[in-house]
Every structure is written in structure tokens, then in C-alpha cells.
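In the text below, chain A, chain B and the rest are named by the order of the sequence lines, each starting its count at 1.
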Protein chains: 2
Amino acid sequence: MAKDEAPTRIQRDRRRRIREAGLEVFSAKGFRGATVDEIAQAAGLSKPNLLYYFATKEAIYTDLLARLLKAWLDPLRALDPEGEPMAELLAYVRRKLHLARDFPRESRLFAGEILRGAPLMGADLSGDLRRLVDARAGVIAGWMATGRLAPSDPHHLIFSIWALTQHYADFEVQVRAVLGDVRDPWAEAERHLVTHFTRLLTPLVAI
Amino acid sequence: MAKDEAPTRIQRDRRRRIREAGLEVFSAKGFRGATVDEIAQAAGLSKPNLLYYFATKEAIYTDLLARLLKAWLDPLRALDPEGEPMAELLAYVRRKLHLARDFPRESRLFAGEILRGAPLMGADLSGDLRRLVDARAGVIAGWMATGRLAPSDPHHLIFSIWALTQHYADFEVQVRAVLGDVRDPWAEAERHLVTHFTRLLTPLVAI
DNA sequence: CCTGTCTTTGACCAAGCGGTCAAATCTGCA
DNA sequence: TGCAGATTTGACCGCTTGGTCAAAGACAGG
């Protein structure tokens, strides 16, 4: 397999299929619970063939995580310091919720990694992630200081948004078990979270 | 080993130690990531000796989960329909947060199981859990209907409390990575969540 | 102090696992 | 079409793992 050369058509295709299969299996069973054979089968390849494209099982996993982190932070990155505070934050909540709804496997993969202490991501968390969160927390703090948002701790506000949105993807079986088969968790969640954060962030008018 | 007889002193002791060791290892590495040898060593026993008290690795795990679910629901059970609504709900939030703070391994064990689709708990979730949540959601709905709490969907309110409290235990490495080593996540979380829910649940006074 | 039961252990096994390798086959380009 | 490099595969390897077993050792009641 070429190393520095541009990837061939087959390489691009196989690698994509392996990532897709890896995401499916890893998100459902975790790193240890997944087997190379199962991923290979899901990708429509033999095991040695898969190992021809990714040297180790861990290589698939870390490749997935690295790509994931970037996509996962985009909604926060998109928070516009020049925009209208309430609209910006509600848009962020919506984007994050839609990300969890449309990419639950990614959400669970990430959750599993953090839950186990982020053995393969520790550096990224206190690096890029932290810088981005600090920057955006600063923006939010500014909005609160000028009275355009109800005051609270911006870091914990961000945690709240993460926790509430990812909950519906990561604990989906629990949510469905409690709500029953009739209700639509995602639609209800969106309504609930929008009113939740609207109420939470609306500044009290001084009388 | 006796089956129906009362357990001997040694049986009680060994079983307790195995559960403690199992909780430690399972919560850190998940079911598949944990090995019987490691649990045995953590319990100060040889592997065959451990298997003498629990027939299989899964038996330890399910025993842990069954005990956990009960303890995990106690705070919700303690919600008093006769009490003052706001005080009751804030007390619930605090109890749940303290549970996550004081028993993070239990929280992570539970989270890991749900994350993987609750293969060993499915029935319990749509059984006891659902009934209890429905009952308490009814109580909260009553409080909201009489205007003593701001209205919202009680089920999703309960999900919010779960998500926000468990987040600090389950994603502790992420929280610490973002906040840095100086800050005290748990103390901040308690202040934040109390003001968060106070604000959220206080009924707007009609003028 | 003796005996039946409970407890502990070293040795072992079969299955599953991640990964290797040499040989076979395919692909794209001159 | 020929061929060099890319791709695929069956067979295989060494290691880990959950679990077994027979025999040895500890314990408690009489």
C-alpha cells in the first residue's frame, strides 16, 4: 500500500467502508467489545484485507475519534460573537441536538471514550477543546455582563447544553423505555430544550 | 458452596470483596474490557477462587447492576407528593448530584450499560423504572397544573436532572480537562444546578 | 481431635483474538 | 498485451481469556 503517494480509488473506497463499519461496531460494542473480524465483515472485506488498509484495530479507532472531535466542535465554533445572544445560543442548542439525533453512533463512540477516561484523547481534550470552550465562554460572559443574557457560569452553561443534547443519543434506550413507543423523543426534546433554555437565559427585566 | 443455606461469614466477606473489585474494574474498563483475573487480583483472590463464589464473569456484572438500579432510583422515590414543590425538586437535584459525586463508579457502570443498549437491563428499564418515572411525572404535572411550578414536560424535566447530574460523573475527565486543575467541578456544579433549576421552575407571577 | 463440609489453588483446556505471511489474483498503464 | 505494483486471501501463530477440575488445605461442630 502506498504511503506518501496519493491514494488510489480503491484505497479511498476501502478506507471509507472500513471507517463506516468501524463506527457501526465500535459505537455499539466499544473498543474492547469490537472484533476486527466483525468490522471486516461489516465492511465486506476479509480480516487480512482490512489489516492491509489499517495496520491495527486501534488505528481504525483513533482515526475515527480524530475526525469525530473536529465535527463535534463545529457547532460551538459557529457561535457568532457578533450575533444576537439569545438567538445564537438557541441555534447552538438546536445544532447540537440535531447532531446527536443525526449522528447517534458518533455521539456514543465519543461518550464511550470519555467514559473510559479518554485513554486515547486526553491531550486533545485539554488542548483544542479547552481553548475553544474558554474562548466561547468568554463571549458568553460578555453577553451576560452587558445584561443581554441572564447571568450564570458560562462553562457550566456549555456543559449543560452538552449534557442535555447528548443524553438523548447516548441514553436513547433509557429514554425510549421510559417514554414508551408512542412518543417521539427527538421532537419532544427539541421543543423542551428550546423553551428550557429560553426561560433560563432570558434576562429578568428590572422594574 | 451452599445454595439455599444462610451464607457463612467467609461467603459474605468474599462476595462483598468481589463486588467491590468488580465495580472498580467494570466501571473503569467496561464489561468486555474487564478480565476475571484482574477482578480476582483486585479482590485479593485467585481466579478459580473467585469463580467459586460467582459462577461467571457475567454473574458479577448483573449482580452489581441489579443492586445499583435500586439505589439509583431511591432519590426519585423519595420525592414527596405532599411536600413543597420547589423544595422537593431542588432536594432531588441535590441528592442526585451527591449520588453522582460520591458514587462515580456506580454512575459510570450504569452509563456504560445504557450506552451499549442495556443488553442486560432492558426489561428493568421499561418495568420498574418506567412505572416509577411515570408516577413521579404525574406528581410534578399536578404541581405545574396548580401553578406552583413553571409548566414544562415532566418526563423531560426528569431527563434533564439525570443528564445534568450524571454528566459530571460520567464525563469527569472532559469536565476537568476543560475547567483546569484549579477549579472544583462538584462545588461549582451544585451552585450552578441549584440556580439553574430554581430559575427554570419558578412560576412567572401573573400581573 | 476427628470428620464432614467449606474453601483454595495449580494445572489445564478450548475458544477467540489480533496480527502475520507467502502466494495468488487483479488493475491500470505504457 | 505485458508487466509492475496494488490488492486479496487461506493458512497460520502466539497470546489472552473465561471457565474446569481434581486434589490439597482450612474450618467448625461434636
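Rounded to an integer number of Å, the gap from A/Arg12 CZ to D/dT7 P is 11 Å. Distance CG (A/Leu45) to P (D/dT7): 11 Å, rounded to an integer number of Å. Separating the CZ atom of B/Phe54 from the P atom of C/dT8 is a distance of 14 Å, rounded to the nearest angstrom. Per the geometry, CG belonging to B/Leu50 stands 15 Å off P belonging to D/dT17, to the nearest Å. Here the P atom of nucleotide C/dG19 and the CD atom of A/Glu58 are 8 Å apart, to the nearest Å. Remark: P of C/dC26 and CZ of A/Arg14 are 13 Å apart, rounded to the nearest angstrom. In this entry the distance linking CZ of A/Arg9 with P of D/dG5 reads 19 Å, nearest Å. The distance from atom CG of B/Leu51 to atom P of C/dC12 is 18 Å, rounded to the nearest whole Å.
The side-chain heavy atoms of B/Glu188 and B/Leu179, taken from C-beta on, include a pair separated by under 4.5 Å.
Closest to the side chain of B/Ser46, from the set D/dG18, D/dT8, C/dT9, is C/dT9. Ranking C/dT7, C/dA11, D/dA11 by closeness to the B/Pro48 side chain, first place goes to C/dA11.
Comparing A/Thr56 and A/Ile10 by the nucleotide of DNA chain C whose heavy atom lies nearest to each, the residue mapping closer to the 5' end is A/Thr56.
Residue B/Ala40 is classed as having no contact, given no heavy-atom separation below 4.0 Å to the nucleic acid.
Taking only distance into account, the side chain of B/Lys47 meets the base of D/dG19 through a donor-acceptor pair shorter than 3.5 Å.
Below 30°, between 30° and 60°, or above 60°: for B/His196 and A/Phe197 the angle between ring planes is above 60°, a perpendicular geometry. Under the 30°/60° scheme for interplanar angles, the aromatic rings of A/His167 and B/Phe159 are found to be tilted. Ring geometry, A/Phe26 versus A/Phe31: the interplanar angle falls under 30°, so the pair is classed parallel (tilted spans 30 to 60°).
Put simply, B/Gln11 has no side-chain N or O that comes within less than 4.0 Å of OP1 or OP2 on C/dC6. Side-chain nitrogen and oxygen atoms of B/Thr8 include at least one within less than 4.0 Å of the OP1 or OP2 phosphate oxygen of C/dT7. Between C/dG19 and A/Tyr52, no contact under 4.0 Å exists linking OP1 or OP2 to a side-chain N or O. Taking only side-chain nitrogens and oxygens, A/Arg32 never comes nearer than 4.0 Å to OP1 or OP2 of C/dC17. Regarding contacts with the backbone of D/dT7, every side-chain N or O of A/Asn49 stays at 4.0 angstrom or more from both OP1 and OP2.
Of the candidates A/Arg15, A/Arg17, A/Arg16, A/Arg17 is the only one forming a salt bridge (Lys or Arg N to Asp or Glu O under 4.0 Å) with A/Asp13.
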